[in-house]
Protein chains: 2
Amino acid sequence: MDLNLRHVRAFVSVAHLRSFTRAASLLNLSQPALTVQIRRLEEALAVRLLDRNSRSVAPTRVGRELLPVFQRVLRELDSVVVDTRDLAARRHGTVRIAALPSVAAGLLPDAIASFRAAHPRMSFVVKDVIAERVLALVRREEVDLGVTGGEVRDPDLTVLARAADTLHVVYPEGHPIGAVATVTLEALAEHPLVLMDAETSVRAVVDAAFVAAGRLPVTACEATYMMTAVGMVRAGLGLTILPGSAREIRAEPDLRSRPISEASFSRPVCLIAKAGRTLPAAAEDFLGELVPALEAEFATGA
Amino acid sequence: MDLNLRHVRAFVSVAHLRSFTRAASLLNLSQPALTVQIRRLEEALAVRLLDRNSRSVAPTRVGRELLPVFQRVLRELDSVVVDTRDLAARRHGTVRIAALPSVAAGLLPDAIASFRAAHPRMSFVVKDVIAERVLALVRREEVDLGVTGGEVRDPDLTVLARAADTLHVVYPEGHPIGAVATVTLEALAEHPLVLMDAETSVRAVVDAAFVAAGRLPVTACEATYMMTAVGMVRAGLGLTILPGSAREIRAEPDLRSRPISEASFSRPVCLIAKAGRTLPAAAEDFLGELVPALEAEFATGA
DNA sequence: TCGCCGCGATAGCGTTCCGTTATGGATCTG
DNA sequence: CAGATCCATAACGGAACGCTATCGCGGCGA
């Protein structure tokens with residue numbers, strides 16, 4: 001005979017109430033059933049746990065020593081069950097997300113704030129890392145969701161949503177680029193540009209687009225951080241090209257931005273998850289907030 | 001459906017081996033049975049614990065988080081079972097004994113040493129207290145066994161063995177009391193005596209015996225500790241009367257002792273336990289050593 | 001002192017649960 | 001494309017469990 005949680009619960013109840021009859025009614029069980037359960041437990045442990053006669057019930061010394069151990073284990077398991085059921089019932093939980101820094105600083109905080117307004121006990125862990133790290137974190141299941149740039153062709157990953165992150169040109173109010181009908185690569189090539197550092201994915205897109213068009217950008221400056229590039233634009237060093245998702249393009253009140261009407265200046269943004277894995281309920285729910293936010297962000301070209 | 005240890009074990013095995021088939025053979029179970037058990041557990045927790053398809057099995061995030069908790073609980077319960085079974089199999093255990101100081105210093109250490117020679121993993125807790133405290137400790141089940149003096153007429157207590165503790169007279173080698181055929185109260189009344197303090201149970205017996213005989217002892221000195229009384233005898237202050245069970249009567253090489261042949265100078269020594277309680281296996285076993293030791297000690301009058 | 005009452009133990013029976021074999025569907029492999 | 005492998009499902013048979021009924025024992029009141 002094997003140890004069984006039901007038997008343990010029975011023993012704890014009887015030991016506590018010091019009565020088979022009362023414990024039985026508490027457990028919604030007949031008294032003979034309890035007698036048998038206690039006997040089974042005692043057989044499993046090969047020890048007498050309760051000294052009992054028709055007049056009184058009391059735990060033996062071994063029973064007294066085992067009681068707190070059993071109680072602790074039961075409490076522990078019960079809280080596991082309750083917590084896990086709560087988790088499933090979407091009452092609380094933690095969503096772990098890896099996202100590109102622009103997304104992590106931009107639409108993600110808004111989406112999280114909005115979601116938490118409706119689900120106060122949900123918590124979030126956000127990792128802002130470059131596209132490649134996003135893929136790795138999702139693949140290793142260190143995060144539930146990932147927002148990354150570029151095409152995703154990994155069979156281990158599922159694309160839950162995709163949107164186009166359009167690069168924007170950022171310019172000082174009154175700059176001639178604000179007056180043209182559509183911002184094209186040709187138009188950009190006319191002006192000195194503040195470009196992102198060669199290491200960045202934004203720069204990679206810009207370079208590729210210029211190469212494809214057979215043109216060369218007029219480089220005024222290079223910057224590693226978007227905020228620096230914006231500062232340079234404000235100072236009149238030139239225009240800069242930043243993802244529409246980046247908050248920095250709206251950081252300066254006297255700067256304006258416009259989407260660049262050029263397919264090569266847009267790159268896919270993918271919301272991904274590990275393929276073949278059940279998404280935690282909390283993450284599943286958060287999708288309802290995040291997917292529309294992604295679509296809205298990139299549809300308006302804001 | 002309720003949480004069941006078998007299901008938990010099943011989950012831990014499958015999660016560890018990442019295979020239903022292998023876990024099933026490990027658990028001596030059919031694979032479909034395991035499938036059902038995992039489903040039951042998942043239903044109980046209302047959460048998916050394992051992501052599985054025909055090609056691979058991997059715990060979900062929730063499953064991964066629950067795994068260490070389950071493992072700890074299982075290990076804990078398993079060790080409880082093993083320890084308790086060991087206890088029952090008399091392979092180890094602790095015996096708790098309350099005994100009169102004379103017994104605790106005298107025959108008890110020998111009995112324990114002898115018992116531990118045969119059962120090395122048994123351990124002992126000995127409390128040396130006065131008769132009344134012995135009764136209380138046994139009644140409150142703070143000890144398994146008690147060795148006390150006097151008659152025991154408590155329905156809460158069971159007398160497992162009884163013996164007579166004969167008071168001995170202790171005298172210097174060559175003292176005339178060593179020459180008489182039998183040591184009687186009359187003979188003792190002839191000599192100055194070193195008596196125990198009035199608080200002690202030994203003194204109570206001595207006083208009662210002299211009162212009953214209508215005699216008065218010649219009191220040379222009083223001592224609280226038996227060792228002190230023995231020292232006084234060695235110094236020639238008189239004879240003293242000590243329990244035969246007391247080690248002190250043999251502490252001085254040039255002192256002799258003889259039992260007093262007087263019923264009133266003998267008091268019962270009882271080995272007791274709580275009535276209606278199952279004795280722990282270790283204590284039960286120790287009785288096999290202690291009872292003969294008690295009988296031997298008091299039969300020889302040593 | 002006798003009979004009643006309350007409590008735990010036991011017996012017999014019915015149901016529920018669980019594990020087994022057989023089989024299906026999906027996926028990787030040669 | 002056929003075979004092998006692995007998990008899921010279905011149907012069946014047996015074991016386990018809980019229930020009702022009853023017994024034995026000890027305390028208590030008449």
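Sequence lines set the chain letters: A, B, ... in the order given, protein chains first and strands last, and positions in each chain run from 1.
The side chain of A/Gln37 approaches D/dG18 more closely than any other nucleotide in the set D/dG18, C/dG8, C/dT20. Here the side chain of B/Thr35 is nearest to one of D/dA8, C/dG19, D/dG18, namely D/dA8. The A/Arg40 side chain lies nearest to D/dC17 when the options are D/dC19, C/dG19, D/dC17. Here the nucleotide nearest the side chain of B/Pro32, chosen from C/dG19, D/dA21, C/dA22, is C/dA22. Taking the side chain of A/Arg52 as heavy atoms from C-beta on, and the options D/dC6, C/dA9, C/dC7, the nearest nucleotide is C/dA9.
Side-chain nitrogen and oxygen atoms of B/Arg22 include none within less than 4.0 Å of the OP1 or OP2 phosphate oxygen of D/dC6. The side chain of B/Thr21 contributes no N or O atom lying less than 4.0 Å from OP1 or OP2 of D/dT5.
Atom CG in A/Leu29 sits roughly 14 Å away from atom C1' in D/dA16 (whole-Å rounding). Across the protein-nucleic acid pair, B/Asn4 atom CG and C/dC17 atom P stand 13 Å apart, rounded to whole Å. Whole-Å rounding puts the B/Asp2 CG to C/dT16 P distance at 17 Å. For the pair B/Leu5 CG and C/dC18 P, the computed distance is 14 Å after rounding to whole Å. Following rounding to the nearest Å, B/Asn28 (CG) and C/dT20 (C1') show an atom-to-atom distance of 14 Å. Protein atom CD of B/Gln31 is 15 Å distant from nucleotide atom C1' of C/dC18, rounded to whole Å. One can place CG of B/Asn53 at 14 Å from P of D/dT9, the figure rounded to the nearest angstrom. A/Ile38 has its CD1 atom 17 Å from the P atom of C/dC7, to the nearest Å.
Residue contacts shown for A/Val36 are absent, as no nucleic acid heavy atom lies under 4.0 Å away. Across all strands shown, A/Ala33 has heavy atoms under 4.0 Å from sugar-phosphate atoms exclusively, and none from any base. Residue B/Ser19 is in sugar-phosphate contact alone, with no base atom involved, counting any heavy-atom pair closer than 4.0 Å across all strands shown. At a threshold of 4.0 angstrom between heavy atoms, the contacts of A/Ser30 include nucleobase atoms, whether or not backbone atoms are also involved. Within the 4.0 angstrom heavy-atom criterion, no nucleotide atom of any strand lies near A/Arg18. Residue-level contact check: A/Arg6 touches the backbone only, with heavy atoms under 4.0 Å from sugar-phosphate atoms and none from bases.
When the shell of 6.0 Å around CZ of B/Arg139 is examined, it contains more than 12 heavy atoms from other residues, nucleotides or ligands. Counting non-hydrogen atoms of other residues, nucleotides and ligands closer than 6.0 Å to CZ of B/Arg90 gives a total above 12. Environment of CD in B/Glu132: sparse, with no more than 12 heavy atoms of neighbouring residues, nucleotides or ligands closer than 6.0 Å.
Residue pairs meeting the salt bridge (Lys or Arg N to Asp or Glu O under 4.0 Å) criterion with at least one partner in residues 73-83 of chain B, sequence neighbours excluded, are A/Arg72-B/Glu76, B/Arg9-B/Asp78.
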Between A/Thr148 and A/Val269, is the side-chain contact (heavy atoms from CB on, under 4.5 Å) condition met? List the steps.
CA-CA 6 Å; A/Thr148 189; A/Val269 169; over 6 Å; no
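For the pair B/Asp144/B/Ile97, no side-chain contact is recorded, criterion being any heavy-atom separation below 4.5 Å from C-beta on.
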